[in-house]
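Bear in mind that the values here come from a model prediction, so they are computed numbers and not experimental data. One-based numbering along the sequence shown.
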Amino acid sequence: MPVLTSPLHIAVVGGGIGGLAAALATARAGHRVTLVERAARFGEIGAGLQLAPNASLALDELGVLPAVRASAVAPPRLVMMDALTGDEVTSLDLRSSAYTDRFAHPYLVTHRTDLHAALLTACQEHPAVTLRTGHTVTEADQDGSGVHLHFAEGHAPLTADAVVAADGLHSRLRQELVGDGEPVCSRYVAFRGALPTGKMTGRMSQHAASEAVMVWAGPRMHLVQYPVRRGELYNQVAVFESDHYTPDSDDWGTEAELEERFAGACEAVRDALPLVSRDRRWPLYDRAPISTWVHGRIALLGDAAHPMLQYLAQGACQALEDAVALGQALGQSADPAEAFAAYADRRRERATLVQTNARRFGEICHLEGMGATLRNMLLSSRGPEAFDDISWVWTPTPAPAPAL
């Protein structure tokens with residue numbers, strides 16, 4: 001790897017999982033980082049998330065995999081169930097030799113706050129990372145000397161050699177640079193949360209004890225369940241399509257619709273539904289892929305670059321891949337424009353493929369009638385060691401060899 005003549009000063013906008021990972025990767029590449037977050041303090045909302053082996057690999061390369069594994073769960077299986085009949089459709093054995101021969105890193109499930117805390121701690125402990133909260137970026141000006149960030153709170157402008165925009169689905173910097181309007185609403189909504197595992201009773205307690213990732217697929221709805229935080233909590237996500245979506249109203253995807261959509265589900269799913277958190281509903285959005293992630297000295301990352309629906313469980317995973325690729329590019333070039341171009345060239349095609357296929361997998365998951373019957377027939381013919389169809393998602397693009 002080339003020796004950098006002097007470290008760059010990189011500003012990262014956004015203190016979520018992608019932003020913290022980007023800051024850490026950049027600092028580990030030998031640069032100075034200032035991360036700005038608009039919230040008054042760092043934190044992550046939501047419940048569980050799945051970390052496929054591509055994400056575990058990224059966390060390993062960032063040096064935080066041991067910290068994440070300390071509270072994560074390594075499920076033995078991924079199981080797809082028919083939400084109407086309660087029958088098992090298919091499964092993947094994550095402890096089989098077929099898995100370990102193909103994937104060097106584990107499949108993990110964790111609480112979002114635990115992953116965020118591991119990344120935050122690593123950034124706090126790195127001497128090259130400065131973290132600032134209460135900084136809402138309103139504008140980014142570029143000139144020959146770098147990028148100048150301006151803040152709503154009246155803070156002095158921050159000047160950096162380059163900026164990484166990791167400010168999420170509603171990225172202010174993306175709108176300033178790309179101007180592609182609002183995210184696309186899928187008309188689906190999620191209710192999600194984690195509860196103490198001991199509160200899962202009846203047959204649901206058996207599923208919880210198995211530590212498997214359970215996906216109950218039904219017509220225009222599904223339920224996902226798995227343990228997090230050393231098995232102490234059980235994560236549940238109920239997703240369904242609303243018949244009452246209107247773009248100018250928030251009165252859709254209600255609890256009443258949730259109950260109505262799942263009314264025809266099997267007994268096991270209906271037993272679990274009252275235990276699904278109703279504290280907040282989460283409309284599900286994505287965007288169409290874009291061809292340009294880099295604008296001068298500003299690069300987009302994570303949901304700011306490629307927001308995707310959750311059906312392949314790859315949103316956080318792809319942001320982590322972005323961060324590692326960014327750090328590697330910045331480690332090989334002291335020219336931020338050159339490094340950003342290399343980062344985007346490596347990541348754009350793969351992230352776009354995952355982004356577009358997440359939509360397709362959602363359509364497959366939510367089939368009804370004959371479509372669901374044919375789906376189940378096809379998937380049930382595959383054994384628990386049949387990883388061919390998912391391996392491309394779980395295997396990141398190799399890093400290019402450094403120039404000699």
Side-chain angles (χ1 to χ4, degrees), residues 4-44 62-64 116-168 170-174 176-177 293-305 319-320 322-340 343-344:
L4 300 179
T5 55
S6 61
L8 298 168
H9 177 206
I10 306 295
V12 176
V13 179
I17 289 169
L20 290 172
L24 182 59
T26 301
R28 287 167 64 90
H31 301 290
R32 185 165 58 92
V33 183
T34 300
L35 183 149
V36 292
E37 162 60 36
R38 67 179 182 178
R41 60 182 180 180
F42 288 101
E44 183 73 8
L62 291 171
V64 297
H116 187 271
L119 291 167
L120 178 60
T121 298
C123 285
Q124 291 170 331
E125 293 176 348
H126 200 293
V129 179
T130 299
L131 302 173
R132 298 180 181 175
T133 56
H135 282 64
T136 304
V137 174
T138 58
E139 188 179 359
D141 297 328
Q142 301 188 57
D143 57 28
S145 66
V147 185
H148 313 284
L149 296 177
H150 303 270
F151 305 100
E153 295 83 0
H155 303 299
L158 172 66
T159 297
D161 294 307
V163 168
V164 177
D167 48 342
H170 299 282
S171 169
R172 176 66 178 264
L173 291 180
R174 175 176 173 138
E176 184 175 323
L177 298 168
W293 290 14
V294 178
H295 301 263
R297 290 172 176 254
I298 303 176
L300 304 178
L301 181 142
D303 280 352
L320 292 169
D322 286 351
V324 169
L326 176 71
Q328 291 170 343
L330 286 168
Q332 293 179 5
S333 175
D335 179 348
E338 181 179 284
F340 281 178
Y343 148 72

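In this structure, the side chains of D167 and V137 stay at 4.5 Å or more apart for every pair of heavy atoms. Side-chain contact check for Y343 versus V164: every heavy-atom pair is 4.5 Å or farther apart.
Summarising the geometry, atom NE2 belonging to H150 is positioned 7.0 Å from atom OG1 belonging to T138; distances are rounded to the nearest 0.5 Å. With rounding to the nearest 0.5 Å, the separation of CD in E125 from CG in L120 is 9.5 Å. Rounded to the nearest 0.5 Å, atoms CZ (R38) and OG1 (T133) are 13.5 Å apart. Remark: Q142 CD to L177 CG distance equals 7.0 Å, nearest 0.5 Å. Once rounded to the nearest 0.5 Å, the distance linking OG1 of T26 with CG of L35 reads 10.0 Å. How far CZ of R132 is from OG1 of T34: 5.0 Å, rounded to the nearest 0.5 Å.
Residues satisfying the side chain to side chain donor-acceptor pair (under 3.5 Å) criterion with T130, sequence neighbours excluded, are absent altogether. Considering only residues two or more places apart in sequence or on other chains, R32 meets the side-chain contact (heavy atoms from CB on, under 4.5 Å) condition with H9.
Minimum heavy-atom separation, L330 to A339: CD2-CB, 3.6 Å. Residues A140 and L149 come closest through the heavy atom pair CB-CD2, 3.7 Å. Residues L301 and A319 come closest through the heavy atom pair CD2-O, 4.3 Å. For F42 against E37, the heavy-atom pair with the smallest separation is CE2-CB, 3.7 Å. The shortest heavy-atom contact between I298 and A165 is CG2-CB, 4.5 Å. The two residues V64 and A122 make their nearest non-hydrogen contact at CG1-CB, 3.6 Å.
Judged by distance alone, the side chain of R172 and the main-chain N or O of E139 form no donor-acceptor pair under 3.5 Å. Looking only at distances, a side-chain donor or acceptor of D322 sits under 3.5 Å from a matching main-chain atom of G302.
Applying the side chain to side chain contact (heavy atoms under 4.5 Å, CB included) test between V33 and each of L24, V12, L131 identifies V12 as the sole match. Just one of V163, D161, I10 meets the side chain to side chain contact (heavy atoms under 4.5 Å, CB included) condition when paired with R297; it is D161.
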* Working for side chain to side chain contact (heavy atoms under 4.5 Å, CB included), residues H295 and E176 -> CA-CA 10 Å; H295 301 263; E176 184 175 323; over 6 Å; no
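Side-chain polar atoms of S333 and D335 form no donor-acceptor pair below 3.5 angstrom.
A parallel orientation is assigned to the rings of H155 and H135, their planes being inclined by less than 30° (bins at 30° and 60°).
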